[in-house]
Amino acid sequence: MIILALQGVQKAFGTNVVLKDASLTLQEGERMGLVGVNGSGKSTLMKIIAGAETADDGTVNMQKGMRIGYLAQTAELDSEQTVRDVLEEVFAPVVAIEAEMRATENEMAAAADDPELLSRLGSRYDYLTREFERGNGYGWRSTVQGVLSGLGLRDHQDMKASLLSGGERTRLCLGRMLLTEPDLLLLDEPTNHLDLASIAWLESFLAGFRGAVLVISHDRYFMDHVCGRMAELLLGTVECYDGNYTEYMRKRTAVYEARMKAWEMQQKEIAHQKAVIATYRRFNREKSIRLAESREKRLEKMELLDRPEEEGTIRFSFGCRRRTGDDVLMTENLGKSFGERVLFSELKLHVRAGDRIALIGDNGTGKSTLFKCLTGEMKPDRGVIRWGTGCDIGYYDQHQAGLDERKSVLDEVWDRFPRMEQYEVRGALGMFLFTGDDVFMPVSTLSGGEKGRVALTELMLKKDNILLLDEPTNHLDMDSREVLEDALKEFPGTIISISHDRYFINRFAEKIWVLSSGGIDEYLGNYDDYYEKIHREQEPDGATAGMTRTAIEKERKKTREEEKRRKDYKERLKKTETEIAEAEKRLAGIEKTMSMPDIYADPAKAAELSRAYEAETQRINALYEELEVLEAENG
């Protein structure tokens with residue numbers, strides 16, 4: 001069943017036409033990814049669907065009564081509630097039903113001598129019970145805790161929501177929206193500000209979500225695992241493809257090549273016909289003139305194909321000025337703390353020439369801090385860092401803090417490479433889509449993606465043989481990410497990159513470093529290899545990469561204890577929830593019996609039922625208290 005249909009949607013901002021003829025349909029339960037280069041109008045189209053923007057022309061039809069959940073890129077949240085209260089507020093109707101159920105129970109106990117009133121109360125109680133169950137009344141508290149844990153907010157659940165960082169606020173808004181269980185989820189870059197564990201949790205959550213999903217994301221791995229259909233916004237129109245992101249790329253390439261071939265063949269045919277017509281006219285005879293005119297008419301009636309167009313994409317490559325020695329980087333007992341908070345300690349790293357390493361880990365583990373220590377931007381508290389011979393270090397900062405925002409794009413690059421001619425600098429910037437007057441834009445006015453392209457231009461021109469890349473795919477559209485990956489594949493030097501882009505990691509990495517408070521674990525292969533190994537519970541390929549033997553044993557013991565604690569918790573939780581379900585079932589049976597008027601003909605039996613009802617109610621309350629204690633202990 002179609003729940004959303006867009007036909008001929010148009011939208012312009014002044015003279016900038018963003019959407020020309022956007023049309024698509026979304027089926028019930030479908031997961032569709034919306035892709036396109038930066039600035040192609042993806043967020044605008046989603047805002048129109050959500051009702052946050054109005055279309056200039058075209059139609060947007062939705063299933064009647066459909067509930068929409070919309071997560072914008074910039075989350076708005078101004079609340080003095082705690083993080084947990086913001087999520088629990090979603091279940092306010094269920095809490096109200098539960099309160100009415102308790103009140104009705106008391107009324108039923110007091111109406112034992114009024115069969116007619118008791119019958120009415122019993123009917124009302126049955127209705128409330130059904131609504132309570134439909135609203136996840138028995139499990140919503142566990143669901144809230146699961147969302148807090150999955151999005152990495154459990155440690156902040158008692159903090160005021162207004163005190164959260166921008167990324168944490170976005171995660172909270174995402175969690176609140178997911179709990180509302182809308183019929184259609186509109187997600188604009190939902191994986192921004194999420195670490196790998198949280199992204200994996202979101203993928204799992206969406207796999208069990210019963211509604212439809214329309215998602216904008218630059219995370220191609222996420223798209224592969226979530227989406228079954230793709231829509232590409234290209235030059236103001238939408239083209240749809242069945243399959244996930246990988247399938248879309250294959251089909252899109254095939255469609256483009258087929259269209260280009262058909263256009264080229266038609267152009268050849270047109271050129272051939274014009275040459276024949278010119279030859280006939282040169283003969284200048286009556287018959288040849290008629291033949292020329294006949295061919296001209298056929299040519300005029302020919303339905304001309306448009307040349308296939310693609311949005312502009314960056315194109316570049318990395319080179320090296322010189323080679324390094326075999327040993328590129330070695331560290332001993334490297335450590336860094338901020339106050340009492342230890343980010344990492346006793347790190348022992350060894351990087352060899354040509355290594356391609358992806359550095360991953362939860363948010364806050366110190367990945368960017370480690371890079372700053374390696375580049376000399378920050379001093380470690382302890383330990384030794386030794387770079388090998390001939391090492392030229394190129395550092396890409398995800399925040400582009402090194403760019404001078406007072407300068408123009410041209411001056412920012414030219415001042416760093418003053419020996420280059422202006423045409424050479426402009427040529428390099430042109431590879432990153434800075435053409436014409438674009439080069440005179442102040443850096444301060446650039447978007448995050450544009451600043452990233454300026455930083456990549458400078459990195460390309462430096463020709464360093466070691467690249468330290470901190471989230472290099474952030475703010476880049478998908479086509480630009482593909483080009484970056486191709487450039488890194490051909491790069492002859494050494495690469496260490498921080499990234500949560502799993503697709504990117506799969507394309508370039510040959511080793512995975514996982515940074516945690518215990519040190520660094522090393523796994524050979526790309527992200528998929530690493531994922532397979534950790535789910536087979538194998539030891540790291542380089543377990544001593546950043547840990548002493550004592551630290552390794554401590555970490556293993558800690559892991560075993562944590563696994564046992566979690567196993568015990570799950571067993572106790574399951575047992576308590578089962579007991580609650582059984583007690584609720586017994587209580588429902590007692591209530592049903594109490595609603596029968598003839599029961600009260602026997603006072604002794606009625607009193608016994610009343611005592612049983614009270615005892616079962618107290619047991620349920622005690623079980624819920626036990627459940628709350630369990631959740632608090634494992635919060």
Set of residues satisfying side chain to side chain contact (heavy atoms under 4.5 Å, CB included) with respect to [X], sequence neighbours excluded:
{"X": "Glu510", "answer": "Arg356"}
{"X": "Asn474", "answer": "Gln398, Glu471, His500"}
{"X": "Asp355", "answer": "Val351, Arg352, Ile357, Thr494, Lys511"}
{"X": "Ala358", "answer": "Ile505, Phe508, Ala509, Ile512"}

Val83 to Leu172 - nearest heavy-atom pair and separation
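Val83 and Leu172 have their closest heavy atoms at CG1-CD1, 3.6 Å.
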
Can you give me the closest heavy-atom contact between Ser40 and Leu233, atom names plus distance?
O-CD2, 3.4 Å

Less than 4.0 angstrom from a charged side-chain N to a carboxylate O is my criterion; do Asp470 and Lys367 meet it?
no

What I want to find out is whether Glu257 reaches Lys251 closely enough, with some N-O distance under 4.0 Å, to be called a salt bridge.
no

With sequence neighbours excluded, residues passing salt bridge (charged side-chain N to carboxylate O under 4.0 Å, His left out) with [X]:
{"X": "Arg382", "value": "none"}
{"X": "Arg416", "value": "Glu412, Glu458"}
{"X": "Asp242", "value": "Arg229"}

Residue of the set His156, Gln145, Gln157 for which side-chain hydrogen bond (donor to acceptor under 3.5 Å, both in side chains) holds with Arg84:
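It is Gln157, the one option of His156, Gln145, Gln157 that forms the side-chain hydrogen bond (donor to acceptor under 3.5 Å, both in side chains) with Arg84.
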
List in chain and number order the residues that pass side chain to side chain donor-acceptor pair (under 3.5 Å) with Lys451, two or more places apart in sequence or in another chain; answer none if no residue qualifies.
Glu405

How would you list, by chain and number, every residue that makes a side chain to side chain donor-acceptor pair (under 3.5 Å) with Ser499, sequence neighbours excluded?
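Partners of Ser499 under the side chain to side chain donor-acceptor pair (under 3.5 Å) test: none.
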
As an exercise, state the distance from CG of Leu178 to CG of Leu185, rounded to the nearest 0.5 Å.
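The CG atom of Leu185 is 6.0 Å from CG of Leu178, to the nearest 0.5 Å.
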
With heavy-atom distances below 4.5 Å as the criterion, would you say the side chains of Met230 and Arg252 are in contact?
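Of all side-chain heavy-atom pairs linking Arg252 with Met230, none is under 4.5 Å.
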
Does Arg507 reach the side chain of Asp486, with side-chain heavy atoms less than 4.5 Å apart?
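Yes - at least one pair of side-chain heavy atoms lies under 4.5 Å apart.
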
Hey, can you tell me if Tyr221 and His225 have their rings parallel, tilted or perpendicular (30° and 60° cut-offs)?
parallel

Can you say whether the rings of Tyr245 and Tyr248 are parallel (under 30°), tilted (30 to 60°) or perpendicular (over 60°)?
tilted

Suppose the criterion is salt bridge (charged side-chain N to carboxylate O under 4.0 Å, His left out): which pairs have a residue in residues 197-207, not counting sequence neighbours?
Glu203-Arg502

Name all pairs fulfilling the salt bridge (charged side-chain N to carboxylate O under 4.0 Å, His left out) condition that reach into residues 333-345, sequence neighbours left out, sorted by first residue then second.
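Qualifying pairs, neighbours excluded: Lys336-Asp381.
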
Please check: side-chain N/O of Trp513 versus main-chain N/O of Asp521, any donor-acceptor pairing under 3.5 Å?
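No, Trp513 side chain to Asp521 backbone: no donor-acceptor pair under 3.5 Å.
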
Less than 3.5 Å apart, any donor N or O on the side chain of Asp362 or Thr365 sitting next to an acceptor on the other?
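No, no side-chain donor-acceptor pair sits under 3.5 Å.
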
Heavy-atom neighbours of Asp158 CG exceed 12 at 6.0 Å
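Atom CG in Asp158 is packed in, count exceeds 12.
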
Would you please test Lys372 and Asp397 for salt bridge (Lys or Arg N to Asp or Glu O under 4.0 Å) and show each step?
CA-CA 9 Å; Lys372 289 176 181 177; Asp397 176 13; 5.7 Å; no

Can you give the donor-acceptor pairs under 3.5 Å from side chains of residues 388-396 to other protein atoms, not counting sequence neighbours?
residue: Asp392; atom: OD1; partner: Arg321; partner atom: NH2; Å: 3.4
residue: Asp392; atom: OD1; partner: Arg322; partner atom: NH2; Å: 2.9
residue: Asp392; atom: OD2; partner: Arg321; partner atom: NH2; Å: 3.2
residue: Asp392; atom: OD2; partner: Arg322; partner atom: NE; Å: 3.0
residue: Tyr396; atom: OH; partner: Gln400; partner atom: NE2; Å: 3.0

